[in-house]
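Below: one structure, written as structure tokens.
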Amino acid sequence: SSIVLSGNSLSVAGAVTTTGSFLTAATNVTLSDNITAASFTGSATSVNVTGPTAQIQDGINLAGAGGTITAASGTYAEAVLLNSTKTLAL
């Protein structure tokens, strides 16, 4: 897996698994693969879900209040829970 933090941007390319929490203060997040963690905390203003194995729910969990989650076209086999203070663009 590859996690790259550059300035205020975080990119996850490759599956990431942790038994603890996945935390980020990055304002821009790009998810190309799945993250498995006990909990998520983030305050991103923009999250892009770009890969077919990435999960929209991971993007929602990493977005802060008022954040926008954009999912690439494709089929995502998951149920999502969206807080009304966030925007999901499909």
Side-chain angles (χ1 to χ4, degrees):
S1 66
S2 172
I3 300 174
V4 178
L5 180 61
S6 176
N8 289 328
S9 297
L10 173 72
S11 176
V12 176
V16 175
T17 300
T18 180
T19 57
S21 298
F22 189 90
L23 313 168
T24 183
T27 55
N28 300 301
V29 176
T30 299
L31 300 176
S32 299
D33 212 330
N34 184 42
I35 301 171
T36 302
S39 64
F40 293 82
T41 302
S43 56
T45 55
S46 173
V47 179
N48 295 299
V49 180
T50 62
T53 56
Q55 294 187 353
I56 296 170
Q57 189 66 56
D58 291 349
I60 292 169
N61 293 342
L62 295 175
T68 298
I69 304 95
T70 303
S73 62
T75 301
Y76 296 86
E78 64 179 301
V80 297
L81 177 61
L82 180 64
N83 181 311
S84 62
T85 65
K86 300 175 186 180
T87 302
L88 179 60
L90 300 173

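The minimum heavy-atom distance between Gly20 and Ala37, with the atom names listed, is O-CB, 3.6 Å. Nearest heavy-atom pair across Ala26 and Ser9 is CB-C, 4.3 Å.
Distance alone, capped at 3.5 Å, is enough to place a donor-acceptor pair between the Lys86 side chain and the Ile60 backbone. With Ser21 contributing its side chain and Leu23 its backbone, the two residues share no donor-acceptor pair below 3.5 Å. Listed for the Glu78 side chain is a donor-acceptor partner under 3.5 Å among the backbone atoms of Gln57.
Cluster annotation: Val47 and Leu90 are assigned to the same hydrophobic cluster (Ile/Leu/Val/Met/Phe/Trp/Tyr, side-chain heavy-atom contacts under 4.5 Å, transitive). Both Ile35 and Leu82 are assigned to one and the same hydrophobic cluster, defined by single-linkage of ILVMFWY side chains at heavy-atom distances under 4.5 Å.
Residues Val49 and Asp58 fail the side-chain proximity criterion, which asks for heavy atoms closer than 4.5 Å. Side-chain contact between Leu10 and Asn28: absent, with no pair of heavy atoms (C-beta onward) separated by less than 4.5 Å.
Expressed to the nearest 0.5 Å, how far CG of Leu62 lies from OG1 of Thr24 amounts to 7.0 Å. Separating the OG1 atom in Thr70 from the CD1 atom in Ile56 is a distance of 10.5 Å, to the nearest 0.5 Å.
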Would Asp33 and Thr53 satisfy side chain to side chain donor-acceptor pair (under 3.5 Å), going step by step from the backbone distance to the final call?
CA-CA 5 Å; Asp33 212 330; Thr53 56; 2.7 Å; yes

Do Thr50 and Ser32 pass the side chain to side chain donor-acceptor pair (under 3.5 Å) test, and can you show the C-alpha distance, the side-chain angles, and the key distance before you say yes or no? CA-CA 5 Å; Thr50 62; Ser32 299; 3.0 Å; yes

query: Can you check side chain to side chain contact (heavy atoms under 4.5 Å, CB included) on Val12 and Phe22, steps first, answer last?
result: CA-CA 12 Å; Val12 176; Phe22 189 90; 4.3 Å; yes

